[in-house]
Amino acid sequence: MRTGTNHILDEEPDDTAFRQQLATFDEPTPLDLPPDLVVRTTRQLPHETPMVLAQHERTRILVRIMLAVLVFAGITFGAWSLLLGGPVPTPLVIQLVLKPLLGVVGALGLPLLLIGVLAAVGSGVLLGRYARTTPDMRVSA
Amino acid sequence: MDHQAEEIILIEQALEGNHEAFSQLIHNYAGAVYGLAYRMLGSPQDAEDASQEIFLRAYIHLARFDITRRFSTWLLSIGSNYCVDRLRRQRYSWLTLDDVALVIPSTQRGPEGKAIDREQRETVRQALQSLPEGYRLVMVLRYWNDLSYQEIAQTTGLTESTIKTRLHRARNMMAERLSHNGVEVCEPEPTTS
């Protein structure tokens, strides 16, 4: 007798039975392709080679990263000092982030903080894995 | 020359911008890609648009293809991701009257054998369409594209045990839905081991 989830791991009988069942419905049946699908798709291909397209993509990614760094630096150091040079004030963002963190470390102690950080990272990883492996159970129309 | 070596030559030619070589690849895999898109999306028009888009994406990202992998698995992984994304986008769009008309089950039975076959296939199609997309994908890859568990894992990025679990649940759901349509689905005999 099959117990627990063993029947899922040893699923050959179910697999075979389902194939037989599909066969009674005349499935799987090869579909008729739309006429000229291959020709129409080929006509839509870009003129550039995939190598050139990959280079373009790399350039786009690089530009995005540079823009992101610029925006971050602008926010952190202030657009004014970036554009005009001069003395860079203590970054406001760093002050805002570090001060409360140092306050927490002082109040709770470093080991407790490390445990908290580890627990938060672990939960994030598990949640991410769960979100990736769990299918959407909503039934589509 | 074996099939894989021939395919690698076509890919190398396509990488240099040879559209005829890529067209040959499209020709070889149009059936698999169109079949996946049709069974995932449920309409011939959507499947046609999706197939064109999948091949276009494959061409654009061909330089990323790892030649040690199977081209079919790579192509179907692009197709799977595209179909799932498209279904998710559709969920947030409004239904038109045409869309509603497409999902109303047909109750007419044709007098000829061919019509009965079509109706049977339509029943299976509707049962498949009613599955959640994550379950539908593994069902289509397993039973219509005939991939092994390992190939489905490479295509979807899921573990083999997750795939088996989803297949098990999806088969049960399909059995239930087919029986709602008056079709009895046989359960396999329980094994004694």
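Lettering follows sequence order; numbering is per chain, from 1.
Of the atoms belonging to B/Tyr29, not a single heavy atom falls under 4.5 Å from chain A. Residue A/Leu22 touches chain B through its side chain alone, counting heavy-atom pairs closer than 4.5 Å. Interface remark: B/Ala14 contributes backbone atoms only to the contact with chain A (heavy atom separation under 4.5 Å). Both the backbone and the side chain of A/Asp15 come within less than 4.5 Å of a heavy atom in chain B. Using a 4.5 Å cut-off between heavy atoms, A/Thr24 contacts chain B through its backbone alone, with no side-chain atom that close. Both the backbone and the side chain of B/Gln52 come within less than 4.5 Å of a heavy atom in chain A. Contacts of A/Gln20 with chain B are absent, with no heavy-atom separation under 4.5 Å from either backbone or side chain. When heavy atoms are compared at a cutoff of 4.5 Å, B/Arg142 approaches chain A by way of both its backbone and its side chain. Only the side chain of B/Tyr38 comes within less than 4.5 Å of a heavy atom in chain A; its backbone stays farther off.
Note on B/Ile152: it does not cluster hydrophobically with B/Phe71, by side-chain heavy-atom contacts below 4.5 Å among ILVMFWY residues. Both B/Leu137 and B/Val124 belong to a common hydrophobic cluster when Ile, Leu, Val, Met, Phe, Trp and Tyr are linked at side-chain heavy-atom distances under 4.5 angstrom.
With salt bridges taken as basic N to acidic carboxylate O contacts below 4.0 Å, none links A/Arg60 and A/Glu57.
The candidate with the highest count of non-hydrogen atom pairs below 4.5 Å against chain A, out of B/Leu167, B/Leu15, B/Leu62, B/Ile26, is B/Leu15. Most heavy-atom pairs under 4.5 Å with chain B, from the set A/Val39, A/Leu53, A/Thr29: that is A/Thr29. With respect to chain B, the highest number of heavy-atom pairs below 4.5 Å among A/Leu45, A/Thr42, A/Leu33 belongs to A/Leu45. Ranked by heavy-atom pairs shorter than 4.5 Å toward chain A, the options B/Arg39, B/His27, B/Glu160 are led by B/Arg39. Heavy-atom pairs under 4.5 Å with chain B peak, among A/Pro46, A/Ala54, A/Pro30, at A/Pro46. Between chain B and the residues A/Val38, A/Val52, A/Asp32, A/Leu37, the most heavy-atom pairs under 4.5 angstrom are made by A/Val38.
Judged by distance alone, the side chains of B/Glu122 and B/Gln126 do bring a donor and an acceptor atom under 3.5 Å apart. If you check the side chains of B/Asn28 and B/Gln24, you find a donor sitting under 3.5 Å from an acceptor. A donor-acceptor contact closer than 3.5 angstrom is absent between the side chains of B/Arg171 and B/Tyr135.
When each of B/Glu7, B/Glu151, B/Gln4 is checked for a side chain to side chain donor-acceptor pair (under 3.5 Å) with B/Arg70, only B/Glu151 meets the rule.
Here the CG atom belonging to B/Asn172 is positioned 11.0 Å from the CZ atom belonging to B/Arg177, to the nearest 0.5 angstrom.
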Inset, instruction - Given salt bridge (Lys or Arg N to Asp or Glu O under 4.0 Å), test B/Asp146 with A/Arg19 step by step and report yes or no. - result: CA-CA 11 Å; B/Asp146 208 23; A/Arg19 283 184 195 281; 3.4 Å; yes
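Using the six-membered ring where Trp is involved, B/Tyr59 and B/Phe22 have ring planes that are perpendicular, over 60° apart on the 30 and 60° scheme.
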